[in-house]
Amino acid sequence: MRILNCILFSACMLIAGAGAQTANAASANPPIAIVIHGGAGTISPKDMTPALEAEYRSTLRQALTSGYAVLKRGGTSLDAVQAAIEVMEDSPLFNAGRGSVFTHDGKNEMDAAIMDGSNLKAGGVADVQHIKNPIALARLVMEKTPHVLLVADGAEQFAVSQGMPLMPAGYFYTQKRWDELQRALKKEGNKTTALEEQYPGTSAHGFGTVGAVALDRYGNIAAGTSTGGLTNKLDGRVGDSPLTGDGTYANNATCGASGTGTGEYFMRLNLTKDVSDLMQYKGWPLKKAVDYEINDKLVKFGGKNSGGLIALDHNGNIATAFNTTGMYRGWIDSRGRVVVKIFKGE
Ligand code: ASP
């Protein structure tokens, strides 16, 4: 009996020792990871020249490496998300910051949000017209005000009070987005048709919203999204991107997520918060929750060919899903592997 006890005790110590080692190893080398998107939509290789495709891929890579560099040097997930998104906001390729789509009246009205999964703090801005990096202003709303969302003139006055310059409207102009508006105006007949008829797939509204989700070495998740919204949207329309739980959500206990697509669906289905809830209350793994939201729930609700999601959990697992023909996307996973993709099936 004494021998048996001794054997059992030694076995327990071995197991406990192994456990401690694992914990030490994990804390010595905690996972860091980042995932980004540059919008979901009707994207196919035949609509793109090789040069344009290369430009998209290299800008996505640049956004990823900017965000990852922050994580690598011990920076926070909030800084990583902001760094990655600013690269895409500064590029005219994406529908965020410079290169944003136009409203019905020919304006650029941009929305953005950032969320800190460590404390559920969030900041957002909507309908800003002169802010070079709306994600940076969203971050200031989170950190320097007691509020979560500022809109239009008030948001811009706050930007000025924080020393942020206002850009002339011309800075955001791109011929491609202007032409998209002209085509949409020409096609426009009945404004009261169902959402899916007005925006049949995201090709009609000019995709290119950008988003990022990151996990830092302190175990904190952050998520952010920035967009010009939908081409030919009514002035004053706000989409899902600046709204926590709709286009943007982060919670260390579960995941961070950023959405892209026809915002009206994301707002009614609270898609990013739903991913978190499925994990928290049903115990689903990240990938199952993300796939369900995009390929089941959204489709059943009428949002076939209408959007996508990127997400990342507290272990550094990454998931992406879209029900369109493409989504600009990429990630650097916890092993440091860099992936950039555009089309379906890639
Ligand atoms: N979700 C954005 C919005 O509705 C647009 C997009 O992601 O393409 O404002």
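In this chain, residues are counted from 1 in sequence order. Atoms within each ligand, like the ligands themselves, are counted from 1 in listed order.
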Open item on the list: For the 3.5 Å polar cut-off, considering only N or O atoms, please tell me whether G208 and ligand 1 meet it.
Closed with: no
- [ ] Just jot down the ligand 1 atoms closer than 4.0 angstrom to any heavy atom of T260, in number order.
- [x] 6 (C), 7 (O), 8 (O)
Open item on the list: Can you name the atoms of ligand 1, numbered from 1 with element, that are less than 4.0 Å from a heavy atom of G229?
Closed with: 5 (C), 9 (O)
- [ ] Taking only heavy atoms of D240 into account, list the atoms of ligand 1 that are under 4.0 Å away from them.
- [x] 1 (N), 2 (C), 3 (C), 4 (O), 9 (O)
TODO: Measure the shortest side-chain to side-chain distance between L309 and F322 over non-hydrogen atoms and say whether it is less than 4.5 angstrom.
DONE: no
Open item on the list: Let me check something: do V338 and V81 share a hydrophobic cluster, defined by ILVMFWY side-chain heavy atoms less than 4.5 Å apart, either directly or through other members?
Closed with: yes
- [ ] Run the contact test for G247 against ligand 1 with a 4.0 Å cut-off on heavy atoms, strictly below, and give the result.
- [x] no
Task: Whether K233 lies under 4.0 Å from ligand 1, heavy atom - done: no
Task: ILVMFWY cluster, V87 and Y56 together (side-chain gap under 4.5 Å) - done: no
Task: N or O pair under 3.5 Å between G239 and ligand 1 - done: no
Task: Proximity of M110 to ligand 1 by residue part, where a heavy atom lies under 4.0 Å - done: neither
Return a table of donor-acceptor pairs under 3.5 angstrom between the side chains of residues 238-249 and protein atoms on other chains or two or more places apart.
from: D246; atom 1: OD1; to: N270; atom 2: ND2; distance (Å): 2.7
from: T248; atom 1: OG1; to: T225; atom 2: OG1; distance (Å): 2.7
from: T248; atom 1: OG1; to: S241; atom 2: O; distance (Å): 2.7

Open item on the list: Does ligand 1 come near enough to D111 that some N or O of the ligand is less than 3.5 Å from an N or O of the residue?
Closed with: no
Task: ligand 1 to T227 polar contact by distance, N or O atoms, under 3.5 Å - done: no
Open item on the list: Do R139 and D79 have side chains that approach each other closer than 4.5 Å (heavy atoms only, starting at C-beta)?
Closed with: yes
- [ ] Look at the aromatic rings of Y292 and W284 and report parallel, tilted or perpendicular, splitting at 30° and 60°.
- [x] perpendicular
Open item on the list: Testing the basics here: between A155 and V128, what is the closest heavy-atom pair and its distance to 0.1 Å?
Closed with: CB-CG1, 3.6 Å
